[in-house]
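Just below is one structure, and these are the notes that go with it.
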Amino acid sequence: MFSYSRFKHDWKLSAFPIEVEESGNYRVYARGERIPVYTCRISDYPFNRWWPGFQRPVEQSCKVSYVNLVSDEDVELEVESLTKSIDGRVMLKPYSKKVVPEKRDGKLKFTLKENGAYVLEIDDYHGLLYIFNNKPVVCEEPEKVSYYFGRGVHFPGKITLKSNESVYVDKDALVYGCIYAENAENIRIFGNGIFDDSGEERFSQHCYEPYANGNFKLYDCSNVSVEGVGFMNSAIWCINLFHCKDVLLDRINVFGQWRYNTDGVDVVNCQDVLIKGSFIHSFDDTVTVKGIDRYCRTDNRRIRIEGCVLWCDWGKTCEIGLETSADEYDDIVFYDCDILRGGNTACDIQNGDYARVKNIRFENIRLELESFYTGCQLQKSDDGKYSNKDEMEVAGVLSIRNKRFRESYAFLNLGESKSKITLGDERYASVTDIKLKDIFVYCDEKILEKLGTKCLKVKMKNFIPTSRMDGVTVEGLYLNGKKVSREDVDIVLDKVDESAINIY
């Protein structure tokens with residue numbers, strides 16, 4: 001079957017129906033039929049700021065487009081660009097899918113043979129087109145669903161779920177609202193529609209508390225499944241899992257994020273979490289595993305991110321920390337993922353509190369570096385302007401640090417650490433047994449001409465003399481298909497022994 005989302009507000013009592021904005025940048029045709037193309041916003045450039053008491057100005061964002069397809073068969077598409085010439089550089093990402101548009105009759109023509117998320121760019125990421133080719137998720141028993149959102153535009157606001165409740169979002173449903181649960185079990189959210197959090201206003205510095213919700217926020221929940229749905233325009237961290245266990249995020253789409261601190265997925269003191277087949281484009285950090293004081297007696301264990309397409313505008317993509325208030329981080333795997341943009345670091349460990357971080361795996365990761373990605377910059381005043389537009393940003397492959405979290409974020413007034421491992425113990429803020437295997441980096445010609453293989457960056461810094469930082473292995477690092485050696489890589493080790501890392 002093949003279908004697509006059409007968002008139409010048809011409340012009969014209103015003389016002023018909501019018009020969901022359609023794109024002026026693209027026309028898209030599926031099997032010869034013109035289909036709706038909608039708009040959302042992303043960050044115009046990587047310009048971030050500590051929370052100043054008000055939300056990020058919309059002028060720092062730009063409009064992009066998206067189509068929401070649902071299919072279980074090949075989909076033939078034609079895309080007509082209305083604002084950019086297709087004579088320029090055309091990119092359909094991730095590159096690993098090997099879908100190359102054909103330029104014919106003034107249009108871009110291609111066939112999608114796999115479900116998943118794709119991004120079409122012409123010359124650069126401004127004015128991009130998200131193409132979500134979703135696997136169908138149907139509701140066979142609507143009468144058993146706690147919250148059923150059928151065709152149309154809905155305005156529920158904050159949906160607070162209890163144990164054994166579920167939410168279904170039809171492919172033609174655009175839901176202006178967010179989901180929240182606390183101390184609940186057996187929760188299911190499913191469908192092919194989209195949640196939009198643009199109606200929520202943030203007014204507090206803190207991300208840990210429910211002062212602002214974001215797209216999806218859970219505390220102390222178990223046996224949770226989220227399947228197929230999209231989340232956009234979050235007010236704060238997008239997907240929040242605090243002290244949860246047995247959680248599945250399956251083929252979700254996180255996109256259209258541009259407001260302050262919009263991390264993609266934050267996994268905080270959790271166990272048995274699987275994120276698979278998902279698309280996560282965050283403004284801030286993309287997937288990060290954290291530990292906070294409230295839950296410091298619960299370790300982060302058995303967390304797997306698999307088969308995802310990831311995009312970080314500002315910050316880190318696959319991240320441990322910076323908050324690491326837990327005894328241990330163990331058995332955490334990032335596997336078979338495409339990184340369309342790595343922020344400043346693709347694979348990152350920041351042990352900012354006291355945890356023993358060990359047995360972390362980054363395997364079969366494909367990182368795309370583009371010369372039109374510009375440098376991250378921190379906004380320091382209300383009238384500050386982004387000045388890095390001419391600076392090329394090249395995301396690091398790996399960074400490992402244990403800089404103190406409480407020193408960096410003193411303004412949060414967190415108080416003393418509740419650590420059970422004390423300074424002087426070699427386990428304190430230690431990082432051991434870290435493995436990267438089969439890391440494939442794509443680099444365009446401009447980066448290659450400027451940096452050569454030194455565009456492959458690896459950094460390790462130990463801020464605590466008594467802490468262990470060793471046992472880091474990189475097995476198989478490739479640049480544009482060619483395997484490189486340790487001598488080819490830009491390695492910076494600060495207060496770390498040369499033997500702490502092996503690259504072969």
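Residue indices begin at 1 and follow the sequence shown.
Within the model, atoms CG of Leu129 and CD1 of Ile122 stand 9.0 Å from one another, a figure rounded to the nearest 0.5 Å. Atom OH in Tyr354 sits 13.0 Å away from atom CZ in Phe405 (nearest 0.5 Å). Rounding to the nearest 0.5 Å gives a distance of 7.0 Å between CD of Gln205 and CG of Asn261. The line from SG of Cys337 to CD1 of Ile280 is 8.5 Å long, rounded to the nearest 0.5 Å.
Salt-bridge annotation for Arg366 and Asp336: present, with a side-chain N of the basic residue lying under 4.0 Å from a carboxylate O of the acidic one. Ion pairing of Arg361 with Glu363 is absent here, as no side-chain N (NZ or NE/NH1/NH2) approaches a carboxylate O to less than 4.0 Å. Under a 4.0 Å N-O distance rule, the pair Arg259/Asp284 does not qualify as a salt bridge. Salt bridge annotation for Asp490-Lys454: absent, with no cationic side-chain nitrogen under 4.0 angstrom from a carboxylate oxygen.
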| said: Go through it in stages, so that I can follow the logic: the residues are Asn351 and Thr324, the test is side chain to side chain donor-acceptor pair (under 3.5 Å), and I'd like the CA-CA distance, side-chain angles, deciding distance and then a yes or no. | reply: CA-CA 6 Å; Asn351 195 346; Thr324 54; 2.7 Å; yes

| query | Stepwise, does the side chain to side chain donor-acceptor pair (under 3.5 Å) test hold for Tyr38 with Ser5? | reply | CA-CA 10 Å; Tyr38 295 105; Ser5 292; over 6 Å; no

| query | So Ser225 and Glu227, side chain to side chain donor-acceptor pair (under 3.5 Å) or not? Walk me through it. | reply | CA-CA 6 Å; Ser225 172; Glu227 181 184 3; 4.9 Å; no

| message | Working note: Gln257 + Asn215, criterion side chain to side chain donor-acceptor pair (under 3.5 Å); need CA distance, chi angles, decisive distance, verdict. | response | CA-CA 10 Å; Gln257 308 292 349; Asn215 290 124; 3.2 Å; yes

| message | Arg302 vs Asp331, test: salt bridge (charged side-chain N to carboxylate O under 4.0 Å, His left out). Steps then yes/no. | response | CA-CA 5 Å; Arg302 297 179 299 278; Asp331 192 9; 5.8 Å; no

| request: Determine, step by step, whether Phe132 and Phe255 satisfy the ring-ring contact (aromatic ring centres under 6.0 Å, His included) criterion, reporting the C-alpha distance in whole Å, the side-chain angles of both residues, the deciding distance to 0.1 Å, and the verdict. | output: CA-CA 10 Å; Phe132 301 117; Phe255 68 104; 4.7 Å; yes

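Residues Val484 and Val489 come closest through the heavy atom pair CG2-CG2, 4.2 Å. Here the shortest heavy-atom pairing between Gly315 and Asp285 reads CA-OD1, 3.4 Å. A pairwise comparison of heavy atoms in Glu368 and Tyr373 identifies O-CE1, 4.2 Å as the closest pair. What you find for Gly127 and Val64 is that their closest heavy atoms are N-CG1, 4.1 Å. Across all non-hydrogen atoms, the minimal contact from Ser485 to Ile503 is C-CG2, 4.5 Å. Contact detail for Gly321 and Thr288: the closest heavy-atom pair is O-OG1, 2.7 Å.
Within a 6.0 Å radius of CD in Glu76, other residues, nucleotides and ligands contribute 12 heavy atoms or fewer. Within 6.0 Å of the CG atom in Asp494, the count of heavy atoms belonging to other residues, nucleotides or ligands exceeds 12. In Lys103, the NZ atom is crowded: over 12 heavy atoms of neighbouring residues, nucleotides or ligands sit closer than 6.0 Å. Environment of NZ in Lys84: crowded, with over 12 heavy atoms of neighbouring residues, nucleotides or ligands closer than 6.0 Å. The 12-atom threshold is not exceeded at NZ of Lys135, counting heavy atoms of other residues, nucleotides or ligands nearer than 6.0 Å. In the displayed structure, Lys276 atom NZ is contacted under 6.0 Å by at most 12 heavy atoms of other residues, nucleotides or ligands. More than 12 non-hydrogen atoms from other residues, nucleotides or ligands lie less than 6.0 angstrom from NZ of Lys109. Summarising the local packing, NZ of Lys245 is surrounded by 12 or fewer heavy atoms from other residues, nucleotides or ligands at distances under 6.0 Å.
Side-chain contact, Glu391 with Gln377: no donor N or O sits under 3.5 Å from an acceptor N or O. Counting only N and O atoms by type, the side chains of Asn25 and Ser23 include no donor and acceptor under 3.5 Å apart. Between the side chains of Ser371 and Asp444, at least one donor-acceptor pair of N or O atoms lies under 3.5 Å. There is no side-chain donor-acceptor pair under 3.5 Å between Tyr409 and Glu323. Lys437 and Asn364 share no side-chain donor-acceptor pair at under 3.5 Å. Looking only at atom types and distance, the side chain of Asp338 has a donor-acceptor partner in the side chain of Ser96 under 3.5 Å away.
Side-chain rings of Tyr130 and Phe279 approach one another, their centers coming within less than 6.0 Å.
No side-chain donor-acceptor contact under 3.5 Å links Glu200 to the backbone of Ala212.
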